[in-house]
Amino acid sequence: MKLTLKEMANILNAPIKNEADVTVTNTTFDSRQVKPGDLFIPLVADNDGHQYVDAAKNNGATVALWQADHKDIPTDLPVIIVSDTLAAYQQLASHYLAQVDPLVVAVSGSNGKTTTKDFIAAIGQTSYKTVKTPENFNNEIGVPQTILSMPTDTELLVIEIGMDHPGDLTFLSNLVKPDIALLTMIGEAHIEFFKTRARIADGKMEIITGLKENGHLVFNGDEPLLLERVGQHPHLLRDSFGLNSTNDLFASDIDMTPLQTSFTTNQSTQRFTIPMTGRYNVTNALSAITVGHLLHISDEKIAQALVEAPITENRTEWLDGQFGGKILSDVYNSNPTAAKEVLHFFADTPTQGKRIAVLGDMLQLGEASPALHASLIESLDPTKIAHVYLVGEEIAPLEDALKPLYPAGTVKRYAINDADTLLKDLLADLTPDDEIMLKGSHGVHLENIVAQLKK
Ligand SMILES: CC(=O)N[C@H]1[C@@H](OP(=O)(O)OP(=O)(O)OC[C@H]2O[C@@H](n3ccc(=O)[nH]c3=O)[C@H](O)[C@@H]2O)O[C@H](CO)[C@@H](O)[C@@H]1O[C@H](C)C(=O)N[C@@H](C)C(=O)N[C@H](CCC(=O)N[C@@H](CCCCN)C(=O)O)C(=O)O
Ligand SMILES: Nc1ncnc2c1ncn2[C@@H]1O[C@H](COP(=O)(O)OP(=O)(O)OP(=O)(O)O)[C@@H](O)[C@H]1O
Ligand SMILES: C[C@@H](N)C(=O)N[C@H](C)C(=O)O
């Protein structure tokens with residue numbers, strides 16, 4: 001970005017203190033990340049960012065925002081006084097996005113956003129100067145941060161937008177104003193705040209509220225809740241993808257190995273390969289191929305991009321274990337749909353030894369939590385997954401459901417803060433022929449167990 005202090009104050013319609021002739025080239029809300037030329041945005045949270053304005057200045061910040069209800073306005077750094085620093089951050093992002101005016105692809109859905117975003121960016125890069133959301137910075141802070149980090153010559157912005165409450169996507173979609181909006185699927189993530197999957201689908205459909213005129217919705221047509229809702233918008237330009245042959249784009253001849261998956265589609269003879277496993281990643285790739293087509297990128301280029309697409313850490317990632325066997329790490333987050341998908345895939349992976357599953361609590365499932373945890377039983381078969389290690393309190397109903405089905409001693413449960421015992425027991429159990437998969441919500445921190453198990 002490139003904005004002068006005066007330009008920013010004009011955009012925000014806000015007064016400047018300690019005026020100077022300075023230009024800002026980047027923004028950050030973390031003083032530890034500040035580089036010379038940055039605008040520092042102190043966010044108001046339990047630990048208030050205003051106390052780090054001095055540190056930001058020492059690291060080279062040229063300007064800071066300052067929220068008007070805070071005392072002790074700095075005297076040695078140009079500041080713009082605003083009523084709400086987060087709202088001002090979003091306003092600057094909105095202005096800068098309109099100025100750069102790239103094509104915008106907004107990606108949402110209960111699962112698969114980050115993977116799909118990575119696929120689309122890899123495809124987009126073949127033909128456009130492309131910027132994508134770093135990691136999964138998909139909320140009201142991460143979205144403006146991503147926008148403001150775009151170089152001025154960006155042609156394509158692939159941006160992830162997340163929701164955990166109704167209304168979130170109306171706000172974020174209107175902020176990013178997509179040319180293409182994409183919904184990967186509807187699951188149960190954050191159902192605590194929506195109560196039903198139908199309301200999650202309603203929340204996800206809010207993504208069309210900010211669509212540009214003639215914008216397209218790309219959606220998972222295997223999901224009846226989306227088909228029903230999309231059907232209520234007869235004039236909406238739409239493209240469906242999925243595994244069912246009723247979709248505009250669907251996959252056939254799916255060939256899955258532990259490290260990659262290849263398939264063809266109904267629209268060409270091109271064979272596509274992704275460096276990931278799981279049928280759900282085929283649907284993620286199908287959605288990205290649909291976007292590639294809308295961006296007028298050839299199937300040949302799309303195929304080249306997909307085969308090399310970067311895999312995000314801890315999402316269906318195979319690692320070598322220090323015990324000699326393989327680890328399937330899927331510990332970034334968890335919810336029933338995703339956990340069942342991964343268990344189904346894991347249950348059929350070839351192995352000389354036994355398969356072991358480590359499953360952590362799935363958080364933010366609200367009152368449905370006990371039943372949803374217990375429902376994982378449908379994906380656990382003792383003849384395929386021999387030992388089950390459970391972590392947390394919310395997953396206790398699954399332990400109760402599994403005990404009558406599994407031989408004594410093969411189902412164990414641990415407290416989240418008892419990682420040492422879990423690790424000790426796993427290391428005693430694992431042999432070089434075994435395979436282990438781990439999945440749990442972020443708050444269970446199974447990534448620490450993966451770190452100890454891997455080579
Ligand atoms: C309020 C805030 O500023 N907290 C950020 C802050 O946390 P901390 O808990 O460490 O805060 P801390 O108490 O230390 O500091 C408070 C404030 O002072 C600042 N600070 C602190 C110390 C210091 O030396 N200097 C300094 O400037 C710090 O940057 C923060 O602004 O410092 C981290 C590292 O810099 C950021 O990562 C956090 O960012 C939050 C989580 C965020 O929302 N980050 C954005 C960028 C984001 O998109 N995060 C995604 C998560 C998105 C998500 O949950 N999505 C949901 C959906 C959500 C929909 C929207 N409702 C989903 O996908 O399911 C992610 O982290 O992975
Ligand atoms: N299409 C899909 N359907 C069901 N589950 C999926 C799908 N895609 C990914 N998953 C599961 O979700 C996990 C997280 O994937 P990814 O990070 O791409 O999703 P996400 O929606 O971005 O989640 P977050 O925003 O929390 O990062 C994967 O490791 C996998 O277990
Ligand atoms: C970390 C956040 N993006 C998320 O996915 N949270 C859910 C509850 C999880 O960690 O499973």
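First listed ligand is number 1; within each ligand, the first listed atom is number 1.
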| task | Work out whether the distance between some heavy atom of Thr184 and some atom of ligand 2 is less than 4.0 Å. | result | no

| query | Which of the atoms of ligand 1 are close to Gly49, meaning less than 4.0 Å from one of its heavy atoms? | reply | 18 (O)

| said: One residue to check: Asn333. Relative to ligand 2, which of side chain, backbone, both or neither has a non-hydrogen atom less than 4.0 Å away? | reply: side chain

| request: Could you tell me whether some N/O pair between Ser334 and ligand 3 is separated by less than 3.5 angstrom? | output: yes

| Residue, atom name and distance, where the atom is the protein heavy atom closest to atom 11 (C) of ligand 2 | Ala338 CB, 3.5 Å

| note | Nearest non-hydrogen contact to atom 51 (C) of ligand 1 from the set Val143, Asp30, Asn136 belongs to Asn136

| request: Considering the heavy atoms of Phe40, write down every atom of ligand 1 situated less than 4.0 Å from one of them. | output: 27 (O)

| note | Here the atoms of ligand 1 under 4.0 Å from any heavy atom belonging to Met163 are 57 (C), 59 (C)

| said: For ligand 2 and Asn281, I'd like to know whether there is a polar contact (N/O to N/O, distance under 3.5 Å). | reply: no

| message | So for Glu140, does at least one of its heavy atoms come nearer than 4.0 angstrom to any atom of ligand 1? | response | yes

| message | Using a 4.0 Å heavy-atom cut-off, which part of Thr116 comes near ligand 2: side chain, backbone, both, or neither? | response | neither

| said: My understanding is that we take every heavy atom of each candidate and find the minimum distance to atom 5 (O) of ligand 3. Doing that for Asn333, Leu363, Val444, which one comes out nearest? | reply: Asn333

| task | Using distance alone, determine whether Lys439 and ligand 2 share an N or O pair under 3.5 Å. | result | yes

| Hey, looking at atom 25 (O) of ligand 2, which of Arg279, Lys113, Glu135 has the closest heavy atom? | Lys113

| note | for atom 28 (C) of ligand 2, nearest protein heavy atom and its distance come out as Asp330 OD1, 3.5 Å

| message | I'd like to check which ligand 1 atoms, numbered from 1 as shown, lie under 4.0 Å from a non-hydrogen atom of His190. | response | 62 (C), 64 (O)

| said: Tell me the contacting part of Thr337 for ligand 2: side chain, backbone, both, or neither, using a 4.0 Å heavy-atom threshold, strictly below. | reply: neither

| message | So for ligand 1, is Gln145 a polar contact partner (N or O within less than 3.5 Å, distance only)? | response | no

| request: Identify the protein heavy atom lying closest to atom 2 (C) of ligand 2, giving its residue, its atom name and the separation to 0.1 Å. | output: Tyr280 CB, 3.4 Å

| query | Counting each atom of ligand 3 from 1 as listed, which ones have a heavy atom of Tyr332 under 4.0 Å away? | reply | 1 (C), 3 (N)

